[in-house]
Number of protein chains: 2
Amino acid sequence: MTTSIKDVAQLAGVSVATVSRVLGNGPVSAALRAKVEAAVAQSGYRPNLSARRLRSQHTHTIGLIVSDIRNPFFTAVSRAVEDVAYQSGMRVILCNTDENPDKEAMYLRLMQEERVSGVIFAATRATAEALDVAGLGFPVVMIDRAGPSARCDAVLLDNRAAAAQLVEHLLGAGYRRIGGLFGNTSSTGAERHAGFVEAMAAAGLSAAARFVPPRWARFVAPSAEAARAEAAGWLREADAPEALIASNGLLLLGAVKAVREAGVAVPGQLALAGFDNDSWTELADPGMTVIEQPVDEIGRAAMEMLLERLQQPGRPLRKVVLAGRLVARGSSQARR
Amino acid sequence: MTTSIKDVAQLAGVSVATVSRVLGNGPVSAALRAKVEAAVAQSGYRPNLSARRLRSQHTHTIGLIVSDIRNPFFTAVSRAVEDVAYQSGMRVILCNTDENPDKEAMYLRLMQEERVSGVIFAATRATAEALDVAGLGFPVVMIDRAGPSARCDAVLLDNRAAAAQLVEHLLGAGYRRIGGLFGNTSSTGAERHAGFVEAMAAAGLSAAARFVPPRWARFVAPSAEAARAEAAGWLREADAPEALIASNGLLLLGAVKAVREAGVAVPGQLALAGFDNDSWTELADPGMTVIEQPVDEIGRAAMEMLLERLQQPGRPLRKVVLAGRLVARGSSQARR
DNA sequence: ATGAAAGCGCTAACAC
DNA sequence: GTGTTAGCGCTTTCAT
């Protein structure tokens, strides 16, 4: 039996309403406030958040739905989201979907049952396009990916520009036959592919691309393994590129593994570049040229947008588009 | 206004109790069940979990308190915990303490207010030793670290044995002046230090150790930077070791950065070894020799222990001690 | 400023 | 098998 507000009231010789007011910094005389605080301390009372939420009709809880917390991008974003959330008195419920639309649907449903105030969501393309945000009952801020038709706030990277930047960097370093490895579950992969194709076309070059499907397996970095297999196959073919772009950190990791296994020299035989400045990209030999995403900023901005949306439900939709930063390292060293 | 169980009951022409029974798979005739299910589907009803928790007095929620989700060890453990939890119908509230005892206390308090069923906790040594588990009101499973006096279930690595294994590996590779870099906030660092000292003593060697204090800063891998600074200083001294052990992945990362900056050859001038088979350790050049922790197993075992404890509150305390696995790579190659 | 009382949405006795 | 009813612990009118 835990102690309730009733016990505290009795102990302090006041009504439950007064205790509630003390807890909520309501108008209470100094004398009674002191008595209540003493009773709280003595009894070790802890307010029951379920009761509070039920009665007050706000949960002070948000959902954070990502594909896999083990992806360093989402790890960093989550941490930033959580910090802002806790500072604002909000809890976070974290969900991993493994890019699986069924799990996405399940967790959205769970969020409804939790009566969350809002959700920050990195959706697959399928879900982003089909999602009826209005019917959900809470606002959604999309991160990392957003369908063209998604009617909600979003915090995104300028993916086309970033991909183009990577291509221009490689062109500047003297590479011409540039290939790309892209994920195909999220809009992010599609946008980076588009930027890649555009930049190549602008240079009068054709853009060879391969797409890596999702893997919903457990306990293995799924897309990294798929990327390794895809890259390994490509490297054996006659049209193997002289430079390779990978559209996210996991795919780049897979590409590196394939290259190692094949004994291909980087950048001598194959230059490499990709997205996400994960810690290994700096330590690998040679270091990986990457587009660094402002991960903290993405998480913080998403949480702040959600808080603002909660305060002003009617305000116009907003998209925050952040720029990536090119970090040039040895893997794309200029040809000589 | 969201639809409640009352609305569904009215729509189906039954009592709320019947709706509740349908939802909870209670005894209901097929005819009524069908009507209720139709009403649920038509109204888009979602049960309110706050109300359910308040009434039923169980939250089906656990707390997971770690120092920093960005530490790959905790990332992996968290994912495993969450998978088991969701499969068992439990939610997870994740908290990052940054090794800060004040935050630990704050989050434990929050867990009480949430009336969580239990908590999985990677505590600092200070908290692990002072914690009154009995007074918390919920069971705790310690992971990664445990105070000697901690009166609760735990899932741990055999830290002494693992550290000793690392030492023996280095001795076998011909290194003698072995130094160690240890964290000093958790019992883990202390145990690994003890194993290090013992193994060195067994070989008749003295064990030079340095300790890295915690850093509670934001947005920087705290202990990695501290380790870099500590290692950088040490390498400049007259008594610089010929091999260095780092007691976790972040410290090893810091050591590598120091070594790179100083232009020290690995393993030629300094051999390196540590804990945690993080992805960069394989990709770095040379690859890092590490003790791999069974991260999935740790998370899964912790969640399962907690579930068992909830079912049998009175059962004796249990400690699961898992073995680390040595992954030998180039950073500790035999001297010649 | 304080207290009495209603009720948030649900489950679990208890009656039939 | 089904309905009625009493709370779970709290906030929030509404009186005073």
Side-chain angles (χ1 to χ4, degrees), chain A residues 1-37 39-40 43-61 89 91 109-117 137, chain B residues 1-37 39-40 43-61 89 91 109-117 137:
Chain A
M1 194 55 203
T2 77
T3 81
S4 82
I5 197 171
K6 225 168 167 175
D7 305 313
V8 175
Q10 203 166 346
L11 190 59
V14 300
S15 72
V16 293
T18 299
V19 177
S20 179
R21 288 189 188 102
V22 170
L23 265 41
N25 275 319
V28 182
S29 69
L32 284 196
R33 162 161 275 129
K35 277 166 92 174
V36 169
E37 280 166 351
V40 166
S43 62
Y45 167 72
R46 296 279 177 270
N48 181 319
L49 291 182
S50 293
R52 190 174 272 181
R53 288 182 182 125
L54 173 60
R55 174 60 232 228
S56 69
Q57 301 285 56
H58 6 49
T59 56
H60 296 286
T61 299
R91 298 317 141 247
R109 195 184 152 126
L110 175 62
M111 294 305 105
Q112 295 182 305
E113 299 187 349
E114 292 278 4
R115 301 293 192 272
V116 292
S117 308
Chain B
M1 195 55 206
T2 77
T3 81
S4 81
I5 197 171
K6 226 167 167 175
D7 305 314
V8 176
Q10 202 167 346
L11 189 60
V14 301
S15 73
V16 293
T18 300
V19 178
S20 179
R21 288 191 190 101
V22 170
L23 266 40
N25 276 319
V28 183
S29 70
L32 285 196
R33 163 162 275 129
K35 279 165 93 174
V36 169
E37 280 166 352
V40 165
S43 62
Y45 167 72
R46 297 279 178 272
N48 182 318
L49 292 183
S50 293
R52 193 174 268 182
R53 288 182 182 127
L54 173 59
R55 175 58 234 230
S56 69
Q57 302 284 56
H58 8 49
T59 57
H60 296 285
T61 299
R91 298 318 138 247
R109 196 186 152 123
L110 175 62
M111 295 304 105
Q112 295 182 305
E113 300 188 349
E114 292 279 3
R115 301 293 192 270
V116 293
S117 308

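A note on names: the letters A, B, ... follow the listed sequences, proteins ahead of strands, and every chain is numbered from 1.
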Quiz prompt | Closest non-hydrogen atom pair, A:N48 against A:S50 | solution = OD1-N, 2.8 Å
Quiz item: Quick one: CZ on B:R52 to NE2 on B:H60, what's the gap to the nearest 0.5 Å?
Solution: 8.5 Å
Quiz prompt | Distance in Å, B:R55 CZ paired with A:L54 CG, rounded so as to fall on 0.5 Å steps | solution = 12.5 Å
Quiz prompt | Which residues share a side chain to side chain contact (heavy atoms under 4.5 Å, CB included) with A:T2, sequence neighbours left out | solution = B:R115
Could you pull out all donor-acceptor pairs under 3.5 Å where a side-chain atom in residues 12-19 of chain B meets a protein atom, sequence neighbours excluded?
residue: B:S15; atom: OG; partner: B:A17; partner atom: N; Å: 3.4
residue: B:S15; atom: OG; partner: B:T18; partner atom: N; Å: 3.3
residue: B:S15; atom: OG; partner: B:T18; partner atom: OG1; Å: 3.3

Quiz item: Taking CG from B:N48 and P from C:dG7, how many angstroms apart are they, rounded to a whole number?
Solution: 18 Å
Quiz prompt | Outermost DNA chain D nucleotides near chain A [under 4.0 Å, heavy atoms] | solution = D:dG9 to D:dT13
Exercise. Could you identify which residues of residues 14-29 of chain A place a heavy atom less than 4.0 Å from some atom of DNA chain C, listed by residue number, or say none?
Key: A:V14, A:S15, A:A17, A:T18, A:R21, A:P27, A:V28, A:S29
Exercise. May I have the distance from A:Q112 (atom CD) to C:dG9 (atom C1'), rounded to whole angstrom?
Key: 16 Å
Practice problem: Kindly give the heavy-atom pair with the smallest separation between B:I5 and B:S20, and that separation in Å. | Solution: CD1-N, 3.8 Å
Self-check item: Residue among B:L11, B:V36, B:T3 satisfying side-chain contact (heavy atoms from CB on, under 4.5 Å) with B:Y45
Solution: B:T3
Quiz item: When the distance from CG of B:D7 to P of C:dC8 is rounded to whole Å, what number comes out?
Solution: 11 Å
Quiz item: How would you list, by chain and number, every residue that makes a side chain to side chain donor-acceptor pair (under 3.5 Å) with A:E114, sequence neighbours excluded?
Solution: B:R53, B:R91
Self-check item: Partners meeting side chain to side chain contact (heavy atoms under 4.5 Å, CB included) with A:S56 (sequence neighbours left out)
Solution: A:H58
Self-check item: Degree of bending, the helix from C:dA1-D:dT16 to C:dC16-D:dG1 (end axes from five pairs; round to 10°)
Solution: 40°
Quiz item: Among all residues two or more places apart in sequence or in another chain, which pass the side chain to side chain donor-acceptor pair (under 3.5 Å) test with A:R46?
Solution: B:Q112
Quiz item: Can you list, by residue number, the residues of residues 51-61 of chain B that have a non-hydrogen atom closer than 4.0 angstrom to DNA chain D?
Solution: B:L54, B:R55, B:Q57
Quiz item: Can you list every salt bridge (Lys or Arg N to Asp or Glu O under 4.0 Å) pair that touches residues 6-27 of chain A, not counting sequence neighbours?
Solution: none
Quiz prompt | Residues in side chain to side chain contact (heavy atoms under 4.5 Å, CB included) contact with B:E37, at least two apart in sequence or another chain | solution = B:V22, B:R33
Quiz prompt | Given DNA chain D, 5'-ward residue of the pair A:T3 and B:A30, judged by closest heavy atom | solution = B:A30
Self-check item: Rounded distance (nearest 0.5 Å) linking atom OG of B:S4 with atom CD of B:Q10
Solution: 9.0 Å
